[in-house]
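Structure first, then comments.
Computed from a predicted structure; not experimentally measured. Throughout, a chain's letter reflects where its sequence line sits, starting with A, and its residues are numbered from 1.
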Amino acid sequence: MAYWLMKSEPSVYSIEDLERAGTDAWDGVRNYQARNYLRAMRRGDRAFFYHSNCPEPAVTGIMEIVREAYPDPTALDPASPYHDPRSTPDRPRWSAVDVRFVERLPHPVPLAAIKADPALAELPLVRRGNRLSVMPVTAAQWRRILELAGA
DNA sequence: GCCAACGTTGGC
DNA sequence: GCCAACGTTGGC
């Protein structure tokens, strides 16, 4: 089983939204490296839900991958803001996965705490201009973030 | 709202 | 294939 971290702006889609939905599609990813990570996900993998672009960016919860990569329907839908005319049913360019809400962290782990922790220095979130919206997390990093969350 | 760091686009 | 211009991300 692998571990991941996925970003979402809470004003667009928050951990609370996922909790209400139970299971939902993780779609709208329009970056090739992030897409390739989506395609590498397997059923049963776990992912952190990260709130970005908000007053306190933080890891806020945990989800489980329940459906492996399939063509992102929003890319094929002309009415969607994520529509990409270069993506066709024959040759879908973008992928989505389905995720299931697992839990909210007892204490969300703020970006500042992640940056301050030497054990998390290699996490892509705090490297390389941190633009990637889907990224792998090692087992050690996963455990460390859970520790910081008081879990 | 600002701006740095990226990724993408498109002219050549 | 280069690279400047442009758009986006996302912290602050």
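For the pair A:Asp72 and A:Arg30, the salt-bridge criterion is met [side-chain N within less than 4.0 Å of a carboxylate O]. Between A:Glu64 and A:Arg43 there is no salt bridge, since none of the side-chain N atoms of the basic residue sits less than 4.0 Å from a carboxylate O of the acidic one.
Nearest to the side-chain atoms of A:Pro57 among the listed nucleotides B:dG7, B:dC6, C:dG11 stands C:dG11. Among the nucleotides B:dG7, C:dC12, B:dT9, the one closest to any side-chain atom of A:Arg86 is B:dT9.
C:dT8 atom C1' lies 15 Å from atom OH of A:Tyr32, rounded to whole Å. Taking atom NZ of A:Lys115 as the reference point, atom P of C:dG10 lies 13 Å away to the nearest angstrom. Rounded to whole Å, the distance from CE on A:Met135 to C1' on B:dC6 is 14 Å. As rounded to whole Å, 10 Å separates atom P of B:dT8 from atom CZ of A:Arg35. A:Lys7 places its NZ atom 7 Å from the C1' atom of C:dT9, with the value rounded to the nearest Å. Look at CG on A:Leu123: it is 16 Å from C1' on C:dG11, rounded to the nearest Å. To the nearest angstrom, C1' of C:dG10 lies 19 Å from CZ of A:Arg30. Protein atom CG of A:Leu132 is 17 Å distant from nucleotide atom P of B:dA5, rounded to whole Å.
Taking the six-membered ring for Trp and the full ring otherwise, the centers of A:Tyr82 and A:Trp94 sit at least 6.0 Å from each other.
Judged by closest nucleotide on DNA chain B, A:Asn53 is the one of A:Asn31 and A:Asn53 placed further toward the 5' end.
Residue A:Lys7 is tested with A:Arg131, A:His51, A:Met135 for a side-chain contact (heavy atoms from CB on, under 4.5 Å); the sole match is A:Met135.
Within the 4.0 Å cut-off from OP1 or OP2 of C:dT8, not a single side-chain nitrogen or oxygen of A:Tyr82 is found.
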